[in-house]
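Keep in mind it's a predicted model, so treat the numbers as computed, not measured. Residue numbering restarts at 1 for every chain, and letters A, B, ... go by the order of the sequence lines.
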Amino acid sequence: MELIQLDPYRWEVPQDHERGMRVPARIYADDRLMAAIRNDQSLVQVVNGATLPGIVGASLAMPDMHFGYGLPIGGVVAMDPDTGVISPGGTGYDINCGVRLLRSNLVEQDVRPRLKTLVEELFRRIPTGVGSRGKLKLSPADERAVTLRGARWAVQQGYGSEADLACIEAGGCLEGADPDKVSSKAFERGRSQVGTLGSGNHFLEVQIVDEVFDEHIANVFGLFAGQIAVLIHTGSRGFGHQVCTDYLVVMERCMERYGIQLPDRQLACAPFRSPEGQDYLAAMRCAANFAFANRQCITAWARQVFEQVLGMGPRDLGLALVYDVAHNIVKIEEHLVNGTRRQLVVHRKGATRAFPPGHPEVPPQYRAVGQPTLIPGDMGRASYVLAGTQRAMEETFGSTCHGAGRALSRHAAKRLAKGHAIQRELEDRGIIVRYTGRATLMEEIPEAYKDVTDVVNVVHAAGISRKVARLRPIGVIKG
DNA sequence: ATGTCC
């Protein structure tokens with residue numbers, strides 16, 4: 001297909017009517033990242049996204065893009081609510097997979113002597129792995145409350161504070177969730193999974209702020225070089241997975257009736273205003289709220305572990321929430337399209353909201369500098385804190401990348417990891433790792449990922465977010 | 001990502 005380089009960081013596949021494209025596809029990458037993308041199936045997927053009814057602007061892909069279900073991971077598509085569709089594959093299986101960052105009053109020498117104990121206690125207290133079950137015993141009524149109230153439910157149970165809620169995307173609770181649109185099977189799978197980490201690239205890391213790129217914004221976010229921080233990466237576990245599974249079936253059944261034809265059945269979708277579309281939206285919001293509550297509970301336990309292991313009180317620790325972002329979600333947002341304010345159905349799938357300075361949805365304490373945007377990398381290299389920009393608002397519906405992005409398939413990663421003592425190799429570099437699944441650790445070997453620094457440099461240079469700080473892991477727990 | 005095939 002035709003792929004035109006617009007500038008050093010932007011590429012376009014022009015609208016091709018024969019392919020059914022309604023808009024162009026646009027990809028953010030430099031030459032090196034594009035070399036990996038060019039012959040990848042994910043390029044076909046971002047082009048396929050351009051065929052979705054009602055799509056506005058362009059089908060977008062971030063530099064961490066890689067192959068996913070239907071749309072690439074790293075994709076952003078925005079639809080007109082009156083003429084467009086909503087697509088479960090445009091959000092992904094792990095609804096509201098996301099990340100939250102806690103800052104602290106600590107520096108490395110405060111934790112290094114107790115680091116092994118700290119990581120072991122975090123691992124003991126926070127359930128990890130596929131099928132992991134938490135210590136919370138929820139009644140069906142409790143679980144419904146989780147889906148309606150999100151992180152607020154967790155705070156009301158004593159897990160964290162009101163101050164935390166102010167530092168979560170959407171306040172940790174999406175309006176319009178309807179548990180009656182969620183299957184009993186999803187509720188059964190989720191019942192024991194609030195407050196669990198899961199598997200794959202999900203993790204809790206103890207990190208050090210390794211380099212500050214923007215002193216002013218870092219200061220506003222409460223970050224400084226040498227500081228200890230905690231990054232928590234998890235989602236809606238089996239609950240969201242089941243919601244996605246259920247609604248893919250619903251959409252596949254109704255697409256023909258709505259006269260929707262697409263190049264890939266994995267893009268299954270329904271008109272946004274249809275009953276099926278609205279039901280998915282309400283169920284997706286339940287799963288998003290489940291994930292916000294999940295991260296909130298884990299946060300409370302992480303704080304307790306720090307207090308016990310370091311023998312410090314909460315005020316001295318200062319483990320305050322910097323921010324919590326969703327990576328896989330559908331949001332109804334207002335955007336300027338060719339000079340006109342419009343409500344749009346924004347699908348972010350492996351992409352992060354990056355709202356600019358002055359945006360009303362950025363918490364007041366950060367509003368002058370833009371929304372904190374959290375980019376987890378692999379467990380051996382780094383993660384980043386970025387800030388949202390006006391250019392993101394103008395070009396990417398206020399979105400940026402979400403992580404390093406896989407360079408190797410899980411199978412290829414396992415093959416590469418054979419013969420590596422991953423845990424020991426990381427420990428030799430001062431990174432303590434505790435994990436549940438050996439196979440997962442192999443799939444997550446740092447070399448399986450693109451270098452998150454390359455990805456972040458592209459979104460920074462393209463102007464769709466601004467580099468604030470780099471963090472490096474010293475303690476990791478994984479599923 | 002996921003009770004990694006009910």
Problem - Close approaches to DNA chain B from residues 234-247 of chain A, in residue order (heavy atom, under 4.0 Å) - result: A:Arg237, A:Gly238, A:His241

Handout entry: A:Arg253: side-chain hydrogen bond (donor to acceptor under 3.5 Å, both in side chains) partners, not counting sequence neighbours
Key = none

Practice task
Measure from CG on A:Leu197 to C1' on B:dT2 and round the result to the nearest Å.
Solution key: 14 Å

Fill in the blank from the handout: DNA chain B nearest-nucleotide lookup for A:Glu443 and A:His202: closer to the 5′ end is A:His202

Exercise for the section: Write out all pairs satisfying side-chain hydrogen bond (donor to acceptor under 3.5 Å, both in side chains) with one or both partners inside residues 409-419 of chain A, taking only residues at least two apart or from two chains. Expected result: A:Lys414-A:Glu443

Exercise for the section: Could you check how far CZ of A:Arg133 sits from P of B:dT2, rounded to whole Å? Expected result: 15 Å

Handout entry: Option from A:Val385, A:Asp451, A:Thr373, A:Ile375 for which side-chain contact (heavy atoms from CB on, under 4.5 Å) with A:Val456 holds
Key = A:Ile375

Problem - Whole-Å gap separating C1' (B:dT2) and NE2 (A:His233) - result: 14 Å

Practice task
Using a heavy-atom cut-off of under 4.0 Å over every strand shown, decide if A:Gly200 touches base, sugar-phosphate, or nothing.
Solution key: sugar-phosphate

Practice task
Determine the contact category for A:Lys349: base if any of its heavy atoms lies under 4.0 Å from a base atom, sugar-phosphate if only primed atoms, P, OP1 or OP2 are that close, otherwise nothing.
Solution key: nothing

Practice task
Select base, sugar-phosphate, or nothing to describe what A:Gln193 touches, counting heavy atoms under 4.0 Å on all strands.
Solution key: sugar-phosphate

Practice task
Under the side chain to side chain contact (heavy atoms under 4.5 Å, CB included) rule, collect the residues that match up with A:Ile73, sequence neighbours excluded.
Solution key: A:His66, A:Lys349, A:His402

Practice task
Sequence neighbours left out, what passes side-chain hydrogen bond (donor to acceptor under 3.5 Å, both in side chains) with A:Ser104? Give chain and number order.
Solution key: none

Handout entry: Atom pair distance, as rounded to whole Å: CG in A:Leu248 and P in B:dT2
Key = 16 Å

Exercise for the section: For A:Phe290 and B:dT2, give me the distance from atom CZ to atom P, rounded to whole Å. Expected result: 11 Å

Problem - Residue list, side chain to side chain contact (heavy atoms under 4.5 Å, CB included) with A:Ala145, at least two apart or on another chain - result: A:Arg149, A:Trp153

